[in-house]
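Residue numbers begin at 1 in each chain, while the letters A, B, ... track the order of the sequences.
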Amino acid sequence: GESVGLHLPTLSVQEGDNSIINCAYSNSASDYFIWYKQESGKGPQFIIDIRSNMDKRQGQRVTVLLNKTVKHLSLQIAATQPGDSAVYFCAENGAGNMLTFGGGTRLMVKP
Amino acid sequence: NAGVMQNPRHLVRRRGQEARLRCSPMKGHSHVYWYRQLPEEGLKFMVYLQKENIIDESGMPKERFSAEFPKEGPSILRIQQVVRGDSAAYFCASSPMGRDYGYTFGSGTRLTVV
C-alpha cells in the first residue's frame, strides 16, 4: 500500500488567504521529501523540498514543515492566488529506488 | 536547456495494438523514471532505468509492458496488446543522481485505448 497519504482530497480557499496542505507518511527511514504541483493536463512541477535534518524550509510564498515525531509534512502557501489552483502531491524517498507519491489534494481558489 | 521531453502528447490505440511512449531526459540527467497516473489519482511508480540498465521494475505489470533506455536515444515505454485498462497518463521523470534529488517531470503521454 501507499506509504504516503493526504488528509484532505479537496481544499477550497478564498483568494488572498493562506493555504495549508497536509501529508502523512509512514516510512520513518525517509529522509527526503518533496512537494509537487500539478495543473490540469500537465506534468507535476517541483515546488519545494526538505531533508530530514530540517524541520522548516521556505521558498517564495511557500513553506514546508516537517514533523518527524508524528511523520507529518505540510505545505503552506501564503496569499493564495487563482494560479495556485492545482493538485498538490507530496513525495518521499521511502523504500525502494523511487520517490513514493501520495494521493494528492486538489486546491481550489475562490476569487 | 530543454526539460524532459515526452512524445507523443496524446496517443490513441485500438485494443490489441502496441503503444510506444518516448522520453528524452534533461541534459545531464542519467536517471529515468516512468510513472502512471489514472484520472483523479496519484502517480504510481512503474520502472527506473539508467543508461542500458533497468534498475528497478517492481512497478511494471508482469506481462505486455517493457521499458528500455539505450545508450543512444530516448527511453521507451512499450505496451503490447493494449487493453482499455491501460488508458492513463504516463509520465517520465529524470534526475541527476537518483531518488534523493528532485525529479523533473515531462508533460506526459495520454494514452487512450478504444
Side-chain angles (χ1 to χ4, degrees), chain A residues 1-10 21 23-25 27 29-54 57 59 62 64 73 75 86-108, chain B residues 2-7 9-10 21 23-26 29-50 53-60 67 69 88-112:
Chain A
E2 291 290 338
S3 65
V4 179
L6 299 177
H7 298 307
L8 299 174
T10 303
I21 300 172
C23 178
Y25 65 95
N27 191 333
S30 294
D31 59 4
Y32 179 56
F33 305 88
I34 310 174
W35 281 100
Y36 284 90
K37 172 186 180 183
Q38 187 177 26
E39 297 174 278
S40 181
K42 297 183 179 180
Q45 176 188 0
F46 176 95
I47 300 173
I48 192 168
D49 59 359
I50 188 168
R51 298 198 181 272
S52 60
N53 60 352
M54 303 174 68
R57 189 156 189 240
V62 295
V64 55
L73 192 68
L75 176 70
V87 177
Y88 290 81
F89 295 96
C90 62
E92 63 172 324
N93 69 342
N97 293 297
M98 76 300 290
L99 292 177
T100 300
F101 285 78
T105 292
R106 182 178 302 280
L107 176 64
M108 300 175 64
Chain B
V4 177
M5 305 301 293
Q6 287 190 251
N7 68 83
R9 287 296 307 275
H10 300 275
L21 288 62
C23 169
S24 295
M26 282 189 71
H29 287 195
S30 58
H31 300 250
V32 168
Y33 303 81
W34 286 92
Y35 282 78
R36 176 163 62 178
Q37 186 178 38
L38 296 172
E40 299 297 306
E41 293 190 10
L43 295 106
K44 306 293 185 186
F45 168 77
M46 298 183 75
V47 62
Y48 163 38
L49 309 106
Q50 293 183 35
N53 285 304
I54 297 174
I55 307 301
D56 185 337
E57 56 182 349
S58 58
M60 289 276 271
F69 189 16
Y90 292 84
F91 290 99
C92 170
S94 71
S95 172
M97 296 180 70
R99 65 165 198 169
D100 293 335
Y101 294 80
Y103 293 177
T104 301
F105 279 88
S107 297
T109 293
R110 279 146 188 85
L111 173 65
T112 302

Is it the case that the ring center of B:Tyr103 lies less than 6.0 angstrom away from the ring center of A:Tyr36? no
Rounded to the nearest 0.5 Å, what separation is found between the CE atom of A:Met98 and the CZ atom of B:Phe45? 3.5 Å
Is chain B contacted by the side chain of A:Ile34, its backbone, both, or neither, given a heavy-atom distance below 4.5 Å? side chain
Turns out that what part of A:Asn93 lies under 4.5 Å from chain B's heavy atoms comes down to both
Could you look at B:Ser58 and say if it's the side chain, the backbone, both or neither that has a heavy atom under 4.5 Å from chain A? side chain
Under 6.0 Å between the ring centres of B:Tyr35 and A:Phe101? yes
Could you give me the CA-CA distance, side-chain angles and deciding distance for A:Phe89 and B:Gln37, then say whether side-chain contact (heavy atoms from CB on, under 4.5 Å) is met? CA-CA 12 Å; A:Phe89 295 96; B:Gln37 186 178 38; 3.5 Å; yes
Look at atom CE of B:Met5 and say whether more than 12 heavy atoms of other residues, nucleotides or ligands are closer to it than 6.0 Å. no
Rounded to the nearest 0.5 Å, the CD atom of B:Glu57 sits from the CG atom of A:Asn97 at a distance of 11.5 Å
Pick one of side chain, backbone, both or neither for A:Gln38, based on which atoms fall under 4.5 Å of a heavy atom in chain B. side chain
Chain A: which of B:Tyr33, B:Phe91, B:Tyr48 shares the most heavy-atom pairs with it under 4.5 Å? B:Phe91
